[in-house]
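My questions all concern the structure below.
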Amino acid sequence: MTDRENTTPAGEPEQPAEGTAAYHHLIEGRIEKMRELGKSVELYPYGYARTHTSEQLRAQEEALTAAGAAVRVPGRLMTKRGAGKTLFAPVQDEWGRIQAYFKLDILGEERFHRIMKLVDIGDWIGVEGTLFRTRTGELTIQVSDFTFLAKAVRPLPEKFHDMNLELKSRRRHLDLAMNLESRERFKKRSAIISEVRAFFDSEEFLEVETPVLQPLYGGATARPFTTHHNALDTTLYLRIADELYLKRLIVGGLERVYEIAKDFRNEGMDRTHNPEFTMLECYAAWWDYHQMMDLTERMLRRLAQRFGDNGVLTYGEVRMDFNQPFARLRFMDALAERTGVDLMKLDDTEVIALARKHGIEPRKGMGRDKLLDALFGELVEPGLTQPTFVMDHPKELSPLAKAHREVPGLVERFELFCAGFEVANSFSELNDPFEQRRRFEAQRGLAEAGDDEAQPLDEEFLMAMEQGMPPTGGMGMGIDRLVMLLVDTNNIRDVLLFPAMRPERTGGEG
RNA sequence: GCGCCGCUAGCUCAACUGGUAGAGCAACUGACUCUUAAUCAGUAGGUUCGGGGUUCAAGUCCCUGGCGGCGUACCA
């Protein structure tokens, strides 16, 4: 939209600017009708005594019809199909639509004129009457009376073309009003998150909350958002992960904790990345990554059974069967298989050569292990369509993971891949404070070499670990990605009610 | 970041090698007492994203800025 739209402040619709734009004429016309309507009805009443939702009417049709029961249903007027002295108009509530039938004979001149001429598409009304089926078989309310509930001064979008993704994302209220499948998708997101909570509750995890505003960020490799606290006159960061605080709770003796919360990462946005996103993290004392793997598998299977087709999910062209035991693949084995080389035996220059051979140009600050990770992303990840655990990653990539109990240079970590993208990340958590300090120091080395995502050393976190952290397994899962998988979309904006958008402006300076 | 494509009525979109900017829906007027993308007749609605340029003439060509989509790179 342009600034034109902003010249009609919401607070004073009585005095629309004398604009030349047609938009004003549409709004002016509606305001004019509202004035007329205001002479006979309350324009903004305080509530409505509903007896049924549209969904309940369908479910209880037989009983309601037999009894000739009067029902009262509020909703939004979606279209008007007038035929002289009658009017059919579907009324839409959260659960769907119910058609209302207005008839001059029944309503009388004044009320019929009101619905026919003064109530606009988009307005909210409550209809009262009895149920019947029309000649064509549609369940309909024979309206004996109706109540005006709220005015739509601004018209809704046109009804039978799809809005584009930008409009849907920027004006989510319109998307939700016009597209019932969009509503269903977001309701499903809610149901998925509820199910995740139910799962963790059943596994006897405690849901906790940790700070969003942190004096030091950590727990992931990413650039943070920075803000300032006035009273303390200090810099604070929006968290990039919950990890370091949740581990302090483990130190404190809470043995199983989880958190579902927003993380913030100051990086590029695209089809699969939003600057703020919802993360699940969980930690369990006495567990290692094998038990976390089992937990993750149980959780995904439960979600696939509830939200998929008996444990089978369809994502684009891909069918994923979550009933079968998930594949388990070692990071190095997968790379060796795709490259034909045992990478453990290569020195650094040979790794660089191999990366170049596969089109990966080493960037500043990219160590050997980051190159391996890039190679993995390039060669292996796209092929991981069925649920697959990738295990035992190089150490440098995972400064918070415990060294592998058998293979030097690796850590006990897994990532879960489905449909080619990462769904979960987990490790046997490092709980040796001396080793943890050395890992932070190594990260500092990376930072000095130009890696601006390297993790800063967190002295307070180390202090907690020095006071004794039990053996612990941890796991993180991007909830938005999970929802994308379960609702079968490849765009994160389809699963975020209000995805980040560039602010709208009225044009450049020239 | 980079590359490609796009931005025209409230919404969805047309407009040939530069030559008077159109349609459907929405709106307005009228007809119609079982419609459902209701139908029929008529009316109105435009700073063609902003700025600059070339030209007798620019929605169209050039420059520049804004916003979006897709691809690509990094990250979940």
Task: P-based separation of B:U54 from B:A27 [nearest Å] - done: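 That atom pair is separated by 45 Å.
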
Open item on the list: Using a 4.0 Å heavy-atom cut-off, does A:Phe417 contact any base of the nucleic acid, only the sugar-phosphate backbone, or nothing at all?
Closed with: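 The residue A:Phe417 makes no contact with any strand.
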
Open item on the list: Closer than 4.0 angstrom, basic N to acidic O: yes or no for A:Lys151 and A:Asp120?
Closed with: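 Yes.
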
TODO: Look at the rings of A:Phe376 and A:Phe417 and say which category their plane angle falls in: under 30° parallel, 30 to 60° tilted, over 60° perpendicular.
DONE: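 A:Phe376 vs A:Phe417 ring planes: tilted.
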
Open item on the list: Which label fits A:Tyr101 and A:Phe88: parallel for a plane angle under 30°, tilted from 30 to 60°, or perpendicular past 60°?
Closed with: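 Answer is parallel, since the angle falls under 30°.
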
Task: Nucleotide nearest A:Met116 (side chain, heavy atoms from C-beta), chosen from B:A26, B:C32, B:C75 - done: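 Nucleotide nearest to A:Met116's side chain: B:C32.
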
TODO: Output yes when at least one side-chain N/O atom of A:Arg81 is less than 4.0 Å from OP1 or OP2 of B:A38, else no.
DONE: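 Yes, A:Arg81 has a side-chain N/O under 4.0 Å of OP1/OP2 on B:A38.
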
Open item on the list: Could you check whether A:Asp145 pairs with A:Arg111 (Lys NZ or Arg NE/NH1/NH2 to Asp/Glu carboxylate O, under 4.0 Å)?
Closed with: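 Salt bridge between A:Asp145 and A:Arg111, a charged N being under 4.0 Å from a carboxylate O: yes.
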
Open item on the list: Taking B:A15 as the reference, what is the distance to B:G71 when you measure between their C1' atoms (whole Å, please)?
Closed with: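 So the two C1' atoms sit 29 Å from each other.
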
Open item on the list: Heavy atoms from C-beta onward define the side chain here; which of B:A26, B:C11, B:U35 lies closest to that of A:Leu26?
Closed with: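 Minimum distance to the A:Leu26 side chain belongs to B:A26.
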
N/O contacts under 3.5 Å, protein versus nucleotides 28-31 of chain B?
unit_1	atom_1	unit_2	atom_2	d
B:C28	OP1	A:Lys33	NZ	2.3

TODO: Please work out if A:Gly478 contacts a base, only the sugar-phosphate, or nothing of the nucleic acid, heavy-atom cut-off 4.0 Å.
DONE: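 Nothing, no nucleic acid heavy atom in range.
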
TODO: Step through it carefully: locate the ring centre of A:Phe427, locate the ring centre of A:Tyr289, and say whether they are under 6.0 Å apart.
DONE: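 That pair fails the under 6.0 Å test.
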
Open item on the list: When you measure from the side chain of A:Asn274 to the backbone of A:Phe277, do you find a donor-acceptor pair of N or O atoms at a distance under 3.5 Å?
Closed with: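 No: the side chain of A:Asn274 does not pair with the backbone of A:Phe277.
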
- [ ] Please report, rounded to the nearest Å, how far the P atom of B:G10 is from the CE atom of A:Met178.
- [x]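 In whole Å, B:G10 P lies 17 Å from A:Met178 CE.
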
Task: Rounded C1' spacing from B:C62 to B:G46 in Å - done: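 The answer is 25 Å between these two C1' atoms.
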
Open item on the list: Could you tell me how far apart A:Phe88 (CZ) and B:C34 (C1') are, to the nearest whole angstrom?
Closed with: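 Going from CZ in A:Phe88 over to C1' in B:C34 covers 4 Å.
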
Task: Any donor-acceptor pair under 3.5 Å from A:Thr65 side chain to A:Glu61 backbone - done: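 Judged by distance alone, yes, a pair lies under 3.5 Å.
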
Open item on the list: Do the side chains of A:Glu195 and A:Arg302 get close enough for a salt bridge, i.e. N-O under 4.0 angstrom?
Closed with: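 Yes, this pair counts.
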
Open item on the list: Check this one for me: any side-chain N or O of A:Arg271 less than 4.0 Å away from OP1 or OP2 of B:G71?
Closed with: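 It does, given that an N or O in the side chain of A:Arg271 lies less than 4.0 Å from OP1 or OP2 of B:G71.
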
TODO: Write down the distance between CD (A:Glu422) and C1' (B:C74), rounded to a whole number of angstrom.
DONE: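 Interatomic distance, CD of A:Glu422 to C1' of B:C74: 14 Å.
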
Open item on the list: Rounding to an integer number of angstrom, what distance separates B:U47 and B:G52 when you compare their C1' atoms?
Closed with: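 One C1' to the other, the span is 16 Å.
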
Open item on the list: Tell me the interatomic distance from A:Leu372, atom CG, to B:C74, atom P, rounded to whole angstroms.
Closed with: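 Distance, rounded to whole Å: 14 Å.
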
Open item on the list: Please give the distance between the C1' atoms of B:U48 and B:G59 as a whole number of Å.
Closed with: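 5 Å, rounded to whole Å.
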
Task: Between B:C11 (C1') and A:Arg30 (CZ): distance, integer Å - done: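 My rounded result for the distance is 12 Å.
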
Task: Whole-Å P distance, B:G6 and B:C49 - done: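 Each nucleotide's P atom is 13 Å from the other's.
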
Open item on the list: Using ring centroids (six-membered ring only for Trp), state whether A:Phe102 and A:Phe146 fall under 6.0 Å.
Closed with: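 That pair passes the under 6.0 Å test.
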
Task: Atom pair distance, as rounded to whole Å: CG in A:Leu375 and P in B:C74 - done: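 Those two atoms, CG and P, are 11 Å apart.
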
Open item on the list: Base, sugar-phosphate or nothing for A:Asp263? Non-hydrogen atoms, less than 4.0 Å.
Closed with: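 Nothing, no heavy atom under 4.0 Å.
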
Open item on the list: Any donor-acceptor pair, under 3.5 Å, between the side chain of A:Asp270 and the base of B:C70, if you only look at N and O atoms?
Closed with: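 Answer no: no donor N or O sits under 3.5 Å from an acceptor.
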
- [ ] Could you tell me whether a side-chain N or O of A:Arg133 sits under 3.5 Å from a main-chain N or O of A:Gly137, the two making a donor and an acceptor?
- [x]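 Side chain of A:Arg133 to backbone of A:Gly137: a pair is present.
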
Task: Donor/acceptor link under 3.5 angstrom from A:Glu138 side chain onto base of B:U35 - done: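 Side chain to base: no pair present.
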
Task: Secondary-structure stems for RNA chain B, with pairs counted as Watson-Crick or G-U when both distances are under 3.5 Å and runs at least 3 long - done: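 Ordered by first number, the stems with RNA chain B (at least 3 consecutive pairs each) read B:1-7 with B:66-72, B:10-13 with B:22-25, B:27-31 with B:39-43, B:49-53 with B:61-65.
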
Open item on the list: I'd like to know if the side chain of A:Gln92 and the backbone of A:Met78 have a donor-acceptor N/O pair within less than 3.5 Å.
Closed with: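 The answer is no, because no donor-acceptor pair under 3.5 Å joins these two groups.
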
Task: A:Pro157 side-chain proximity, nearest of B:C11, B:C34, B:U33 - done: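 The answer is B:C11, which lies nearest to the side chain.
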
TODO: Tell me whether the OP1 or OP2 atom of B:C70 has a side-chain N or O from A:Asn491 closer than 4.0 Å.
DONE: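 Result: yes.
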
- [ ] Identify, between A:Lys103 and A:Met269, the residue whose nearest nucleotide on RNA chain B lies closer to the 5' end.
- [x]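 Upstream on the strand: A:Lys103.
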
TODO: Write down the distance between CD1 (A:Ile121) and C1' (B:C25), rounded to a whole number of angstrom.
DONE: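 About 10 Å, once rounded to whole Å.
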
- [ ] Run the salt-bridge test on A:Glu32 and A:Arg30 with the 4.0 Å N-O cut-off and return the result as yes or no.
- [x]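 Salt bridge flag = no for A:Arg30 with A:Glu32.
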
Open item on the list: Just to be sure I understand the rule, does A:Asp105 reach a base, reach only the sugar-phosphate, or reach nothing, if contact means heavy atoms closer than 4.0 Å?
Closed with: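 Result for A:Asp105 = base.
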
Open item on the list: Nearest whole Å is fine: how far is B:U35 P from A:Leu104 CG?
Closed with: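 The distance from CG of A:Leu104 to P of B:U35 comes to 18 Å, rounded to the nearest Å.
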
Task: Pairwise C1' distance for B:A23 and B:G45, with rounding to whole Å - done: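 Those two atoms are separated by 14 Å.
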
Open item on the list: Say we look at B:A41 and B:A26: how far apart would their P atoms be, to the nearest angstrom?
Closed with: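 It comes out at 15 Å once rounded to the nearest Å.
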
